[in-house]
S.K.: 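This is the structure, below, for whatever I ask next.
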Amino acid sequence: MPGEAVTPRMAPEEVRARVEAAHGLTDPAQKLHFYDRWAKDYDQLQARGFLQLHGVDGSPEMLKQAQARGLYQKLSLCTLGQEPLPSPEGTFDAVLVVGALSHGQVPCTVIPELLRVTKPGGLVCLTTRTNPSNLPYKEALEASLDQLERAGAWECLVAQPVDHWELATSEREVAPRALAQDGFISGIIYLYRKAHPQPSADL
């Protein structure tokens, strides 16, 4: 869910560490408990200047669960990739989408919209799976990311593979050699910094 923050910004390595921690757990119950602890960790986020968190989801029921945790100041119903985010341009210091960018979920076409609502100099953290069934999506996603970087819209700070990303939900998601590794699939973390607008040249 996208989150708004105020300065001082969280350093890229801190953002990456939080995302990695979420996917380093082997027990699904522990993993759910980790996400529940975000509300308890809110004091640490506030100490770093992250005072406003805005959550977005396409499911009213998920928004109810998010509201019950008491973490977000604002929650909005929005289907990512199908409608604009309910925020003006340059609203957020940090935008995170973790676990939703994959085949059959949020389409790659959402990327420019995530960039739109990020402030110049702000961070965009994205993740996707790198298991065989998601590779076509990953290729399309990286083409979108690279196109924006070539256009000077942002710069890549991190592109870090993670071997044990999450437990597979079915055997077809797992490469044969990975079945001996407790059924985990791999993933990757991307962290980008939005570029500042270039000053107009005098005519």
Side-chain angles (χ1 to χ4, degrees), residues 1-5 10 15-16 18-20 22-23 31-32 34-36 38-39 45 50 52-69 71-120 122-131 133-149 151 153-154 156-160 162 165-166 169 173 185 187-195:
M1 293 185 176
E4 179 181 0
M10 186 178 289
V15 175
R16 184 176 62 205
R18 277 188 173 273
V19 176
E20 283 183 311
H23 291 276
K31 197 168 185 179
L32 289 172
F34 176 91
Y35 287 112
D36 285 339
W38 273 83
L45 293 174
F50 285 74
Q52 297 286 325
L53 295 180
H54 181 179
V56 176
D57 201 281
S59 164
E61 290 303 315
M62 288 300 294
L63 290 176
K64 287 180 183 178
Q65 291 187 36
Q67 185 175 22
R69 291 174 179 171
L71 177 61
Y72 300 95
Q73 280 67 53
K74 184 177 180 182
L75 291 165
S76 300
L77 183 66
C78 178
T79 305
L80 293 177
Q82 296 184 28
E83 54 188 325
L85 285 166
S87 301
E89 182 174 347
T91 299
F92 301 109
D93 284 320
V95 173
L96 293 87
V97 180
V98 178
L101 292 171
S102 63
H103 176 68
Q105 297 189 60
V106 175
C108 302
T109 54
V110 75
I111 302 302
E113 182 64 6
L114 300 176
L115 185 61
R116 180 187 70 80
V117 299
T118 306
K119 292 179 181 179
L123 299 173
V124 182
C125 182
L126 312 168
T127 71
T128 195
R129 296 182 284 116
T130 58
N131 60 310
S133 66
N134 197 55
L135 288 181
Y137 181 97
K138 176 180 176 286
E139 291 175 5
L141 174 64
E142 289 183 340
S144 298
L145 302 179
D146 292 345
Q147 182 179 10
L148 287 168
E149 188 165 25
W154 60 11
C156 182
L157 303 177
V158 172
Q160 179 172 327
V162 179
W165 181 246
E166 63 185 10
T169 57
E173 291 184 346
I185 60 177
I188 187 168
I189 301 167
Y190 307 98
L191 186 62
Y192 286 83
R193 189 185 302 281
K194 184 174 180 178

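Only this structure's heavy atoms are used, side chains among them; waters, hydrogens and symmetry mates stay out.
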S.K.: If you measure from CH2 on W154 to CG on L114, what distance do you get to the nearest 0.5 Å?
M.R.: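 Interatomic distance, W154 CH2 to L114 CG, rounded to 0.5 Å: 7.5 Å.
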S.K.: Rounded to the nearest 0.5 Å, how far apart are SG of C125 and CD1 of I189?
M.R.: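 Going from the SG atom of C125 to the CD1 atom of I189 covers 6.5 Å.
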S.K.: Is it true that a side-chain atom of S76 and a backbone atom of V56 form a donor plus acceptor pair closer than 3.5 Å?
M.R.: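 It does not hold such a pair.
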S.K.: Let me confirm one number: the CG-SG distance from L145 to C108, rounded to the nearest 0.5 Å.
M.R.: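 With rounding to 0.5 Å, CG (L145) is 8.0 Å from SG (C108).
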S.K.: Strictly distance-based, threshold 3.5 Å: is any side-chain N or O of R129 a donor or acceptor partner for the main-chain N or O of W165?
M.R.: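 Answer holds: no.
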S.K.: Just so I know, are the side chains of L80 and L85 near enough to count as touching, which here means a heavy-atom distance under 4.5 Å?
M.R.: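 Yes, side chains in contact.
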S.K.: Ignoring hydrogens, what is the shortest heavy-atom contact between T91 and P88? Give both atom names and the distance.
M.R.: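 For T91 and P88, the tightest heavy-atom pair comes out as OG1-O, 2.5 Å.
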S.K.: Please answer whether the main-chain N or O of C156 pairs with a side-chain N or O of E149 as donor and acceptor at a distance below 3.5 Å.
M.R.: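 Side chain of E149 to backbone of C156: a pair is present.
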S.K.: If you take all heavy atoms of L53 and Q73, which pair is closest and at what distance?
M.R.: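 The answer is N-OE1, 2.8 Å.
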S.K.: What pair of heavy atoms forms the shortest contact from G55 to Y72, and how long is it?
M.R.: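 Here G55 and Y72 meet closest at N-CD2, 3.6 Å.
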S.K.: Counting only heavy atoms from other residues, nucleotides and ligands, does the tally under 6.0 Å from CD of E83 exceed 12?
M.R.: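 Yes - once you tally the heavy atoms of other residues, nucleotides and ligands closer than 6.0 Å, there are more than 12.
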S.K.: Are the side chain of E89 and the backbone of R116 linked by a donor-acceptor contact shorter than 3.5 Å?
M.R.: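 No, because the side chain of E89 does not come within donor-acceptor range (under 3.5 Å) of the backbone of R116.
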S.K.: Quick check: closest heavy atoms across L101 and T127, and the distance to 0.1 Å?
M.R.: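 Looks like CB-O, 3.4 Å.
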S.K.: Can E142 and Y190 be counted as having a side-chain donor-acceptor contact under 3.5 angstrom?
M.R.: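 Judged by distance alone, the side chains do pair up.
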S.K.: Is there a side-chain contact between L157 and L123 in this structure, where contact means two heavy atoms from C-beta onward sitting under 4.5 Å apart?
M.R.: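 Yes - at least one pair of side-chain heavy atoms lies under 4.5 Å apart.
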S.K.: I'd like to check I111 versus V124 (side-chain heavy atoms, cut-off strictly below 4.5 Å). Are they in contact?
M.R.: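 They are not in side-chain contact.
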S.K.: Could you tell me the separation between the CG atom of L75 and the CE atom of M62, rounded to the nearest 0.5 Å?
M.R.: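 The distance works out to 11.0 Å.
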S.K.: State whether a side-chain donor-acceptor pair under 3.5 Å links D57 with S59.
M.R.: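 Short answer, no.
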S.K.: Which atom pair, heavy atoms only, marks the closest approach of T118 to K194?
M.R.: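 Here T118 and K194 meet closest at O-NZ, 2.7 Å.
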S.K.: How long is the straight-line distance from OG1 of T128 back to CG of N134, given to the nearest 0.5 Å?
M.R.: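 One finds 4.0 Å between CG of N134 and OG1 of T128.
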S.K.: For the CG atom of L141 and the OG1 atom of T109, what is their distance to the nearest 0.5 Å?
M.R.: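 These two atoms lie 11.0 Å from each other.
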